[in-house]
Amino acid sequence: MEIINETSCFGGITGTYTHASETLGCDMRFSVFTPPAAAHGKVPVLWYLSGLTCTEENATVKAGFQRVAAELGLMVICPDTSPRGDHVPDDDAYDFGKGAGFYVNATEEPWAENFQMYDYITKELPDFVASVGMTDMSRQGITGHSMGGHGALTIFLKNRDTYKSVSAFAPIVAPMNCPWGEKALAGYLGADRTKWADHDACALLERDGAADANILIDQGLADNFLEGQLKPELFEAACEKVGQQLTLRRHEGYDHSYFFIASFIEDHLRHHASILSA
């Protein structure tokens with residue numbers, strides 16, 4: 001691991017790091033906020049998955065989570081959203097290719113060699129972080145925004161023994177039924193829609209039933225993508241159908257930006273801490 005930068009922050013350390021990823025076949029950057037409590041023992045970890053076009057930097061700089069994470073003793077890790085490098089295939093559109101990994105393992109060419117983001121997020125990066133020794137990997141939570149909210153929900157629902165808590169900001173809850181998701185799933189996984197269901201939060205609930213956790217979602221009602229791409233009512237209906245605990249909060253006047261996330265990030269951190277610190 002190479003240290004890109006480290007700086008003191010609310011008694012802890014905010015740092016950006018890079019490592020060689022065998023899973024993705026490229027160097028990957030990620031950011032970590034290490035709370036002051038880590039100096040005295042292992043701390044729980046909250047994974048934050050970012051949305052389309054983002055890197056590890058967006059949430060670190062814009063979400064404003066460090067003060068409360070320091071208070072609660074939460075390590076917050078922000079991975080990048082896709083593989084990077086000149087040899088990594090890309091697309092001209094912002095919603096596919098670099099910056100748009102969609103947290104799936106691609107099976108279609110030319111994406112299959114590098115776009116293995118599901119394995120990177122659930123296996124390689126956690127194993128790498130665990131080797132550093134400051135985290136209690138039995139206490140992991142996951143959250144994210146937009147495409148990252150999709151990632152957080154689907155990864156949680158597929159790994160219920162690994163992640164103890166989950167939340168999301170304006171997530172893509174039904175990628176099988178929205179333009180962003182249909183494009184990404186078809187491009188990375190092929191035309192067989194039965195393979196898509198493994199990466200659709202609504203379909204996973206229908207297939208596997210309710211999880212033993214309360215899911216927290218915040219959604220702005222001034223979000224430009226609300227009706228066409230996000231469709232929280234579909235997830236609300238899926239949760240009701242299987243008896244899944246859900247706290248879905250709708251907020252007048254809030255859009256899809258990090259101003260929205262910064263407004264409610266404290267609630268999410270406290271949601272996770274109440275479960276991970278129990």
Side-chain angles (χ1 to χ4, degrees), residues 44-49 51 101-107 116-123 126 136-178 180-182 184-186 188-219 226 229-250 264 267-278:
V45 58
L46 177 63
W47 299 90
Y48 181 100
L49 306 184
F102 264 84
Y103 306 102
V104 303
N105 287 339
T107 57
Q116 301 293 308
M117 285 298 295
Y118 177 82
D119 279 354
Y120 178 70
I121 295 296
T122 62
K123 298 176 183 178
D136 181 352
M137 301 304 281
S138 69
R139 295 186 291 162
Q140 297 184 70
I142 192 165
T143 187
H145 171 228
S146 194
M147 178 186 72
H150 142 78
L153 292 174
T154 55
I155 287 172
F156 168 80
L157 290 171
K158 292 169 66 176
N159 299 273
R160 303 180 186 200
D161 293 334
T162 299
Y163 304 94
K164 308 303 181 187
S165 58
V166 62
S167 71
F169 296 90
I172 304 170
V173 297
M176 294 178 68
N177 294 287
C178 76
W180 279 343
E182 290 175 345
L185 296 179
Y188 293 134
L189 304 178
D192 183 358
R193 291 179 66 92
T194 61
K195 297 178 181 179
W196 300 6
D198 205 36
H199 299 281
D200 183 295
C202 292
L204 287 169
L205 277 177
E206 183 175 351
R207 185 188 74 186
D208 299 332
D212 185 21
N214 181 43
I215 299 173
L216 171 63
I217 293 178
D218 278 307
Q219 175 63 61
L226 178 58
Q229 304 282 9
L230 306 178
K231 305 182 179 182
E233 68 279 0
L234 297 182
F235 192 69
E236 191 172 39
C239 287
E240 183 176 356
K241 182 178 180 180
V242 300
Q244 172 64 52
Q245 298 177 73
L246 172 67
T247 301
L248 173 55
R249 308 190 305 182
R250 295 173 169 89
F264 300 104
D267 294 345
H268 285 244
L269 294 173
R270 295 193 183 281
H271 166 80
H272 288 277
S274 69
I275 299 168
L276 300 177
S277 300

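FYI, the numbering just counts along the sequence from 1. Being a predicted model, the structure only gives us computed values, none of them experimental. Note: hydrogens, waters and symmetry copies are ignored here, and every other heavy atom, side chains too, is used.
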With the side chain counted from C-beta on, respond yes when [X] and [Y] share a heavy-atom pair under 4.5 Å apart, and no when they do not.
| X | Y | answer |
| --- | --- | --- |
| Thr247 | Ser167 | no |
| Leu216 | Arg249 | yes |
| Arg193 | Glu182 | yes |
| Tyr118 | Asn159 | yes |

Distance-only donor-acceptor hits, side chain of residues 204-211, under 3.5 Å, sequence neighbours excluded:
from   : atom 1 : to     : atom 2 : distance (Å)
Arg207 : NH1    : Asp198 : OD1    : 3.1
Arg207 : NH2    : Asp198 : OD1    : 3.4

Problem set entry | For His199, all residues meeting ring-ring contact (aromatic ring centres under 6.0 Å, His included), sequence neighbours excluded |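 Once residues adjacent in sequence are excluded, His199 has no partner under the ring-ring contact (aromatic ring centres under 6.0 Å, His included) criterion.
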Can you see which heavy atom on [X] is nearest to which on [Y], and at what distance?
| X | Y | result |
| --- | --- | --- |
| Cys202 | Ala174 | SG-CB, 4.1 Å |
| Trp180 | Ser146 | CZ3-OG, 3.8 Å |
| Pro126 | Tyr120 | CD-O, 3.7 Å |
| Gly151 | Tyr103 | CA-CD1, 3.8 Å |
| Pro175 | His150 | CG-ND1, 3.9 Å |
| Thr154 | Ala201 | CG2-N, 3.6 Å |

Exercise. Should the heavy atoms of other residues, nucleotides or ligands under 6.0 Å from NZ of Lys158 be counted, would the total exceed 12?
Worked result: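 Enclosed.
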Exercise. Got more than 12 heavy atoms from elsewhere within 6.0 Å of CG, Asp212?
Worked result: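 Incorrect, the count does not exceed 12.
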Is it true that a side-chain atom of [X] and a backbone atom of [Y] form a donor plus acceptor pair closer than 3.5 Å?
| X | Y | answer |
| --- | --- | --- |
| Asn105 | Asp119 | yes |
| Gln245 | Ile215 | no |
| Gln244 | Ala213 | yes |
| Trp196 | Ala191 | no |
| Lys195 | Thr107 | no |
| Gln140 | Trp47 | no |

Distance from [X] atom [atom1] to [Y] atom [atom2], nearest 0.5 Å?
| X | Y | atom1 | atom2 | answer |
| --- | --- | --- | --- | --- |
| Phe235 | Glu240 | CZ | CD | 13.0 Å |
| Ile155 | Tyr163 | CD1 | OH | 5.5 Å |
| Asp136 | Leu276 | CG | CG | 9.0 Å |
| His272 | Ile142 | NE2 | CD1 | 9.0 Å |
| Ser165 | Asn214 | OG | CG | 10.5 Å |
| Asp218 | Thr143 | CG | OG1 | 9.0 Å |

Exercise. Met176 and Leu185: side-chain contact (heavy atoms from CB on, under 4.5 Å), yes or no, with the steps?
Worked result: CA-CA 8 Å; Met176 294 178 68; Leu185 296 179; 4.2 Å; yes
For this session: May I have the step-by-step check of side-chain contact (heavy atoms from CB on, under 4.5 Å) for Met147 and Ile172, ending in yes or no?
Result: CA-CA 6 Å; Met147 178 186 72; Ile172 304 170; 4.3 Å; yes
Problem set entry | Of Lys241, Lys231, Arg250, the residue whose pairing with Glu236 passes salt bridge (charged side-chain N to carboxylate O under 4.0 Å, His left out) |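 With Glu236 as partner, salt bridge (charged side-chain N to carboxylate O under 4.0 Å, His left out) holds for just one option, Arg250.
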